[in-house]
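Only one structure is covered here, and it is reproduced in the block below.
Order of listing sets the numbers, starting from 1, for every ligand and every atom in it.
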Amino acid sequence: MNKHICTRWAFDLASWSPTLPQLAQAVASIQAEERTRLMKFHFIDDFLSSLIGRLLMRKYVSTCSGLPPHQVRFARDVRGKPYWVSGEGDRQRPPLSFNVSHQGDLVLLAGVCGDSSEGDFGVGADVMKIEYSGGKALSEFFRLMRNKFSPHEWSYIGRPQHNERAQIKAFMRHWCLKEAYVKELGVGITVDLQKISFSVDTTHSLAEEVSPLTGTTLRCQDQPMDNWHFEEHLLKEDYCAAIAFRNCLPQEQARFQLLPIEQLLVESDQSGSEDVVAYCQKALLKPHKKES
Ligand code: COA
Ligand code: MG
């Protein structure tokens, strides 16, 4: 399997209180249909998470293709998965795959870039905060989730040496891996999750110092999926993230790079426009989620 250049970018929303000019710059760089979609979020938190995801995608494609950010166009497939629409006239069209995930304070992008001699490959990513706030007892929650994981996965999650916190962490790690896999496929929740069975690296516990763990393997319908490769990351102490690589291997093991907002904003002659400023003023009036 060829080795590919892999990008892992993260943005921490806790590090940013958007000013009106910053927000206007960000909003000016995204497509009109995305502005309409973002405005439908009730909470500013969700608005900003999704907005940052769009900026990460644009920066990524612009960096890989050499196109100026404002020339990069995205569309979504029937299941909502965004992809880059590379035009005939684009100078360089490297095959690339990327996926964004956001939860809580974090927004992540994982991307893989190949060259035109290469076959089909793809990447999926997911991030989850390691917490349980479901209200009911954890055992009851696990009972409801029983058919989402294989017996093999449950045997790891419920290991005797796992206290409640460790069970939640093990659960979230598996959830993230499944989501990353499903997100590469782009199929949403239409697959039978119990038939997708992960074996996580049991020789290390997932900690920031050892991120990423790469020993994870996958079996689907009891068949080993040797063309898949996984990374598990721990970020900000209590977020786990997974990247699923199909038909590709990252050239190097690396942690997610935290980007400051300045690296995501691009100059735009639209950011001063009345429409954009009015849009941003309206967005800034949206309520914040309460701290859990
Ligand atoms: N496939 C891959 N990526 C997709 C996608 C799809 N079908 N649809 C959207 N995305 C991208 C977008 O960039 C999206 O960002 P946006 O919402 O700001 O546009 C981002 O992925 C969302 O990913 P994430 O933040 O991880 O959201 P999620 O985990 O809530 O949802 C879904 C992921 C929608 C793709 C899908 O997997 C789903 O429906 N999940 C439901 C949860 C579930 O039952 N999971 C079972 C796993 S155990
Ligand atoms: Mg997710």
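For K286 and D46, the salt-bridge test fails: no basic side-chain N is under 4.0 Å from an acidic carboxylate O. The pair K178-D126 does not meet the salt-bridge criterion, since no charged nitrogen lies less than 4.0 angstrom from a carboxylate oxygen.
At a 4.0 Å cut-off, not a single heavy atom of G53 sits close enough to ligand 1 to count as contact. Ligand 1 is never approached by Q103 to a heavy-atom distance shorter than 4.0 Å.
Of all the heavy atoms of L185, none lies under 4.0 Å from any atom of ligand 1, so neither backbone nor side chain is involved. If you look at H174 next to ligand 1, there are no close heavy atoms at all, none under 4.0 Å. At a 4.0 Å heavy-atom cut-off, ligand 1 touches N99 through the side chain alone. Using a 4.0 Å cut-off between heavy atoms, S50 contacts ligand 1 through both its backbone and its side chain.
A ring-centre distance under 6.0 Å is not found for H233 and Y239. Ring centroid separation for the pair F142 and W154 comes in under the 6.0 Å cut-off. Between F171 and Y132, the distance separating the two ring centers is not shorter than 6.0 angstrom.
Among R54, K183, K148, the residue whose heavy atom lies nearest to atom 24 (P) of ligand 1 is K183. Between the choices E34, M57, K81, the shortest heavy-atom distance to atom 4 (C) of ligand 1 belongs to K81.
With F245 as reference, V112 is the one residue of V112, T214, N227 to meet the side chain to side chain contact (heavy atoms under 4.5 Å, CB included) rule.
A perpendicular orientation is assigned to the rings of F230 and F198, their planes being inclined by more than 60° (bins at 30° and 60°).
The shortest N/O to N/O separation between V182 and ligand 1 does not fall below 3.5 Å. Considering backbone and side-chain atoms alike, H102 places an N or O below 3.5 Å from some N or O of ligand 1. For ligand 1, none of its N or O atoms has an N or O atom of W175 under 3.5 Å away. Looking at K178 next to ligand 1, no N or O pair under 3.5 Å apart turns up. Remark: ligand 1 and G80 share an N or O pair separated by less than 3.5 Å (distance only, no angle test).
Contact atoms of ligand 1 toward P82: 10 (N), 11 (C), 12 (C), 13 (O) (distance under 4.0 Å to a heavy atom of the residue). Counting the atoms of ligand 1 from 1 in the order shown, those under 4.0 Å from a heavy atom of R76 are 19 (O).
The atom name of the N/O/S atom in D126 closest to the Mg ion (ligand 2) is OD1.
Tracing side-chain contacts under 4.5 Å through hydrophobic residues (I, L, V, M, F, W, Y), one never reaches L193 starting from I157; they form parts of separate clusters.
Here E179 fails the criterion, with no N, O or S atom under 2.8 Å of the Mg ion (ligand 2).
The number of heavy-atom neighbours closer than 6.0 Å to CD of E140, taken from other residues, nucleotides and ligands shown, is above 12.
Judged by distance alone, the side chain of R246 and the main-chain N or O of E184 form no donor-acceptor pair under 3.5 Å.
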query = Can you check salt bridge (charged side-chain N to carboxylate O under 4.0 Å, His left out) on E231 and R8, steps first, answer last?
reply = CA-CA 11 Å; E231 282 185 0; R8 305 161 188 83; 2.8 Å; yes
